[in-house]
Amino acid sequence: MTIQLYNTLTRRKEPFQPLEKDRVHFYVCGPTVYNFIHIGNARVFVFFDVVRRYLTYRGYEVHYIQNFTDVDDRLIKQSIEEGRAVPEVAESYIKAYFEDMDDLGVNRADVHPRATEHIKEMQDAIRALIKKGYAYEVDGDVYYRPLKKEDYGQLSNQPLEELKAGARIEMNDRKDNPLDFALWKKAKPGEISWDSPWGKGRPGWHIECSAMARKYLGDTLDIHAGGMDLCFPHHENEIAQSEAWTGKPFARYWLHNGFINMGAEKMSKSLGNVERVRDLRSRYTGRELRWFLLSAHYRNPISFSDESIRQIGGAIARIDTAVTNLSHRIGAALDGEAEKVMRERLRTLTVDFEKAMDDDLNTANAISVLFEGVHLANELVARDVVSRGSLEAVLGWLNHFGGDILGLVKTTREVDLEAEIEAKIEERQQARRDRDFSRADAIRDELAAQGILLEDTPQGVRWRRK
RNA sequence: GGCGGCAUAGCCAAGUGGUAAGGCAGAGGACUGCAAAUCCUUUAUCCCCGGUUCGAAUCCGGGUGCCGCCUCCA
């Protein structure tokens, strides 16, 4: 079974076949670091983090690149507002970005190239495009002519006529055509700038991805991903430039994720309902947010609300309890290998998990398979007789698929109880043996107040943190 | 105007031809000193109207409602 991916370029699911058999060249459009990222940005980074992990699990050597746009109009604007230089602003939000991502369990990309560190590569690209007649200079600006290639509009499925007719014309009479876009922007006085053959200026937005993707991944990418809104014009323009520049197809699979709505309305700055990850982290755990982002299929919209996250909390508790109970039961289990029937059931779960992920990365279904694993774990824990091998096999399965791949299951073991609390538990056990239940209940309540929940089982007292 | 998406239980959410996954919440039962956890059982005229088909949430046509993109917004 091969992985099927919905390719925006062809508007259907296609079997995934990288250019090189076992290697995947994967580029994700990263954030513009002019501010803290919001939950919508996070969806991109969390989801494609899972895609990368899954492809790695499937045996591919994944080269995963995600850029930082660290110079553009918004950064310049922000730097004026904050009274700090652009590089300083960028640096601080890059740092913030990593803090947010660490909390959401997103792994680092292989390289996080920054636009400002690739000015030379971009200038090379621009020079080449001018030479080929795709770009032209006008008084320190350089523009690209997307219409020179007749297949422009292919990715976003926009007929050229419509693009021409519907273009909201930017008031700029220096362009030959309204659809032309800037590769290089002339610096205004006082703005951050770099020397170039066209005078002092800075790169346009689209060219950075083309230049950096080529540098780190080569002429043709296997997967290029980002939010749906980047489809037009950003990705369309990247294709135009890159293909004009290299003469090769730019990317083979284009993946775009859907948006997050705030309740029923779209999240937007003008509505003032943008939820920053930074702020959400003070209310929710990174895991809850990550789970929320993976709980629906990536191309579907998801609606953010406190109620949805609250429900996620219940689901997480179910899995955590199963993991805790499994660990506790392992302590009292008989030595022994995993039963054959158990290995077979886990094998089936693995197949189901792969089936879900192979079908256009259906994390919602993958999570439901995780719960089948939880159910299996709970059945085992409740048995009078069970081998340690079986318990460990299930725990290992949950950790691997729920933890390593989805990043949702906590793989760290609880630290040992402090001696004081252990003494309390023993004291309560003695009270129970003496049938002094009011004393026993009082101790249980006392620990509960500290967030320690006690559960009596045939294998002794089990505890977990609330 | 152009391109596209969505409508499934109280809530979240899978499911693209064979009589509805999973989670949250609820109800009943088992287990327990009481709990908790868990297990079992239980909760859906799949937005409406037509059509195709032996058979449709799934395909086609028509409605209704909501939403996104159409130059720098994930």
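Just so we're on the same page: letters track the sequence lines, and every chain starts at 1.
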**Study point:** salt bridge (Lys or Arg N to Asp or Glu O under 4.0 Å) partner of A/Lys185, the single match among A/Asp139, A/Asp141, A/Asp73
**Key:**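 The single option meeting the salt bridge (Lys or Arg N to Asp or Glu O under 4.0 Å) with A/Lys185 is A/Asp73.
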Check your understanding: Between B/A74, B/G23, B/C70, which nucleotide gets closest to the side-chain atoms of A/Met267?
Key ->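 Among the listed nucleotides, the one closest to the side chain of A/Met267 is B/A74.
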Review point. With a 4.5 Å heavy-atom cut-off, do A/Asn35 and A/Tyr93 have their side chains touching?
Key: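 With C-beta onward as the side chain, the pair touches.
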Check your understanding: Given atom CG of A/Asp359 and atom P of B/U16, what is their separation to the nearest angstrom?
Key ->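 Rounding to the nearest Å, CG of A/Asp359 and P of B/U16 are 7 Å apart.
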Check your understanding: Of all the nucleotides listed (B/C73, B/U71, B/G15), which has the minimum atom distance to the side chain of A/Phe181?
Key ->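 Taking heavy atoms from C-beta onward, the closest nucleotide is B/U71.
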Check your understanding: Excluding sequence neighbours, so at least two apart, what forms salt bridge (charged side-chain N to carboxylate O under 4.0 Å, His left out) with A/Glu426?
Key ->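 Testing A/Glu426 for salt bridge (charged side-chain N to carboxylate O under 4.0 Å, His left out), a comparison that skips the adjacent residues, returns A/Arg433.
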Exercise for review: Just grab all the salt bridge (charged side-chain N to carboxylate O under 4.0 Å, His left out) pairs involving residues 33-43 of chain A, residues at least two apart or on different chains.
Suggested key: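 Every pair satisfying salt bridge (charged side-chain N to carboxylate O under 4.0 Å, His left out) with a residue in residues 33-43 of chain A: there are none.
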Exercise for review: Could I get the full list of salt bridge (charged side-chain N to carboxylate O under 4.0 Å, His left out) partners for A/Asp441, not counting sequence neighbours?
Suggested key: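 Checked A/Asp441 against salt bridge (charged side-chain N to carboxylate O under 4.0 Å, His left out); matches are A/Arg444.
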**Study point:** Rounded interatomic separation in angstrom, taking CD from A/Glu236 and P from B/C69
**Key:**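 So the two atoms are 16 Å apart, to the nearest Å.
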Check your understanding: What distance, rounded to whole Å, do you find between the two P atoms, one in B/U43 and one in B/C49?
Key ->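 Approximately 24 Å lies between the P atom of B/U43 and that of B/C49.
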Point to revise | Residues touching RNA chain B, which here means a heavy atom under 4.0 Å, drawn from residues 39-53 of chain A | key: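 Contacting residues: A/Gly40, A/Asn41, A/Val44.
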**Study point:** Atom C1', compared across B/U8 and B/A56: separation rounded to whole Å
**Key:**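 Approximately 14 Å lies between the C1' atom of B/U8 and that of B/A56.
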Review point. Roughly, in whole Å, what's the span from CZ in A/Phe401 to P in B/G22?
Key: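 Taking atom P of B/G22 as the reference, CZ of A/Phe401 is at 20 Å.
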**Study point:** Donor-acceptor side-chain pairing of A/Arg74 and A/Thr32 below 3.5 angstrom
**Key:**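 A/Arg74 vs A/Thr32: donor-acceptor pair found between side chains.
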Review point. Under the salt bridge (charged side-chain N to carboxylate O under 4.0 Å, His left out) test, which residues partner A/Asp352, sequence neighbours left out?
Key: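 Scan of A/Asp352 (salt bridge (charged side-chain N to carboxylate O under 4.0 Å, His left out), adjacent residues dropped) gives none.
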Practice item. Rounded off to whole Å, could you give me the CG-to-P distance for the A/Asn257 and B/G68 pair? Key: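 Whole-Å distance recorded here is 16 Å.
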Check your understanding: Hey, would you say the A/His256 and A/Tyr6 ring centroids sit under 6.0 Å apart?
Key ->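 Not under 6.0 Å, so no.
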Review point. Which whole number of Å gives the distance between the P atom of B/G23 and that of B/C40?
Key: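 Taking atom P in both B/G23 and B/C40, they lie 10 Å apart.
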Review point. Considering only B/C69, B/A21, B/C73, which nucleotide approaches the side chain of A/Pro233 most closely?
Key: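 Ranking B/C69, B/A21, B/C73 by closest atom to the A/Pro233 side chain puts B/C73 first.
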Check your understanding: salt bridge (charged side-chain N to carboxylate O under 4.0 Å, His left out): which pairs involve residues 314-328 of chain A, sequence neighbours left out?
Key ->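 Applying salt bridge (charged side-chain N to carboxylate O under 4.0 Å, His left out) to every pair that reaches into residues 314-328 of chain A, excluding sequence neighbours, yields A/Arg287-A/Asp320.
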Review point. Relative to the 5' end of RNA chain B, which residue comes earlier, A/Leu376 or A/Asp73, by the nucleotide with the nearest heavy atom?
Key: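 On the 5' side of the pair lies A/Leu376.
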Mind listing the N/O atom pairs, protein and nucleotides 3-5 of chain B, below 3.5 Å?
unit_1, atom_1, unit_2, atom_2, d
B/C3, O3', A/Asn157, ND2, 3.0
B/C3, O2', A/Asn157, O, 3.4
B/C3, O2', A/Asn157, ND2, 3.4
B/G4, OP1, A/Asn157, ND2, 3.4

**Study point:** Residues A/Asp456, A/Arg432: salt bridge by 4.0 Å N-O rule
**Key:**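 A salt bridge links A/Asp456 with A/Arg432.
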**Study point:** Set of salt bridge (charged side-chain N to carboxylate O under 4.0 Å, His left out) partners for A/Glu121, sequence neighbours left out
**Key:**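 Partners of A/Glu121 by the salt bridge (charged side-chain N to carboxylate O under 4.0 Å, His left out) criterion, ordered by chain and then number, come out as A/Lys215.
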Review point. Roughly how many Å is it from NE2 in A/His234 to C1' in B/C69, rounded to a whole number?
Key: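 Going from A/His234 (NE2) to B/C69 (C1'), I get 15 Å.
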Review point. Does a side-chain N-to-carboxylate-O contact under 4.0 Å join A/Glu99 and A/Arg278?
Key: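 Counted as a salt bridge, because a side-chain N and a carboxylate O are separated by less than 4.0 Å.
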Check your understanding: So what does A/Gly313 hit on the nucleic acid, given a heavy-atom distance under 4.0 Å: a base, only sugar-phosphate, or nothing?
Key ->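 Counting heavy atoms under 4.0 Å across all strands, no contact is made by A/Gly313.
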**Study point:** P spacing across the pair B/G5 / B/U58, given as an integer number of angstrom
**Key:**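 Per the computed distance, 16 Å lies between those P atoms.
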Review point. Looking for any heavy atom pair under 4.0 Å, which part of the strands does A/Lys185 touch: base, sugar-phosphate only, or nothing?
Key: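 A/Lys185: base contact, heavy atoms under 4.0 Å.
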Which atoms of nucleotides 34-38 of chain B (N or O only) lie under 3.5 Å from a protein N or O atom, and what are those distances?
unit_1, atom_1, unit_2, atom_2, d
B/C34, O2, A/Arg444, NH2, 2.6
B/C34, N3, A/Arg444, NH1, 3.0
B/C34, N3, A/Arg444, NH2, 3.3
B/C34, N4, A/Asp456, OD2, 3.0
B/A35, N6, A/Asp456, O, 3.1
B/A35, N1, A/Asp456, N, 3.0
B/A35, N3, A/Arg444, NH1, 2.9
B/A36, O2', A/Glu455, OE2, 3.0
B/A36, O2', A/Arg464, NH2, 3.4
B/A37, O4', A/Glu455, OE2, 3.3
B/A37, O2', A/Asn325, ND2, 2.9
B/A37, O2', A/Arg462, NH2, 3.4
B/U38, O3', A/Asn378, ND2, 3.2

Point to revise | Closest listed nucleotide, where the reference is the side chain of A/Ala315 and the choices are B/U71, B/A74, B/G23 | key: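 That would be B/G23.
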Exercise for review: Please state the C1' separation for the pair B/C54 and B/G17 - nearest whole angstrom.
Suggested key: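 Rounded to whole Å, the distance is 12 Å.
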Check your understanding: Using a heavy-atom distance cut-off of less than 4.0 Å, which residues of residues 286-297 of chain A contact RNA chain B?
Key ->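 Residues of residues 286-297 of chain A that come under 4.0 Å of RNA chain B are, in numerical order, A/Ser295, A/Ala296, A/His297.
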Check your understanding: Just checking A/Ile312: base, sugar-phosphate only, or nothing, at a heavy-atom cut-off of under 4.0 Å?
Key ->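 Nothing, no heavy atom under 4.0 Å.
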Review point. For B/C3, which nucleotide in any strand shown is its Watson-Crick or wobble partner with both distances under 3.5 Å?
Key: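 Partner of B/C3: B/G68.
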What does the list of N/O pairs under 3.5 Å between the protein and nucleotides 25-27 of chain B look like, with a distance for each?
none

Practice item. Using atom NZ of A/Lys355 as one end and atom P of B/U16 as the other, report the distance to the nearest whole Å. Key: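 In whole Å, B/U16 P lies 12 Å from A/Lys355 NZ.
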Practice item. Indicate, with a heavy-atom threshold strictly under 4.0 Å, whether A/Asp72 touches base, sugar-phosphate, or nothing. Key: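 Here A/Asp72 touches no strand at all.
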Point to revise | Heavy-atom side-chain proximity of A/Ile207 to A/Trp184 below 4.5 angstrom | key: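 The answer is no; the side chains never approach within 4.5 Å.
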Review point. What integer number of Å spans the C1' atoms of B/G4 and B/U19?
Key: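 Roughly 32 Å separates the two C1' atoms.
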Review point. Is any side-chain N of the basic residue among A/Arg114 and A/Asp70 closer than 4.0 Å to the acidic one's carboxylate O?
Key: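 Salt bridge absent between A/Arg114 and A/Asp70.
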**Study point:** Nearest heavy atoms of A/Leu380 and A/Met342, plus distance in Å
**Key:**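 Closest approach of A/Leu380 to A/Met342: CD2-CE, 3.4 Å.
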Practice item. Taking atom P in both B/G65 and B/G29, compute the distance separating them and give it to the nearest angstrom. Key: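 Each nucleotide's P atom is 47 Å from the other's.
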Check your understanding: If we require ring centres under 5.5 Å and near-parallel planes under 30°, does A/Phe437 stack on B/G33?
Key ->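 By the stated criterion, A/Phe437 and B/G33 stack.
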Practice item. Applying ring-ring contact (aromatic ring centres under 6.0 Å, His included), name anything that partners A/Trp245, two or more places apart in sequence or on another chain. Key: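 For A/Trp245 there are no ring-ring contact (aromatic ring centres under 6.0 Å, His included) partners, ignoring immediate neighbours.
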Check your understanding: Given atom CG of A/Asn261 and atom P of B/A7, what is their separation to the nearest angstrom?
Key ->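 Computing the A/Asn261:CG to B/A7:P distance gives 13 Å.
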Exercise for review: Determine the interatomic distance between P on B/A27 and the same-named atom on B/C69; round to the nearest Å.
Suggested key: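 About 42 Å, rounded to a whole number of Å.
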**Study point:** Heavy-atom check, side chain of A/Phe26 versus side chain of A/Leu221, under 4.5 Å
**Key:**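 No - every pair of side-chain heavy atoms lies 4.5 Å or more apart.
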Review point. Is there a side-chain contact between A/Val28 and A/Val51, using heavy atoms and a 4.5 Å cut-off?
Key: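 Contact flag for A/Val28/A/Val51 side chains = no.
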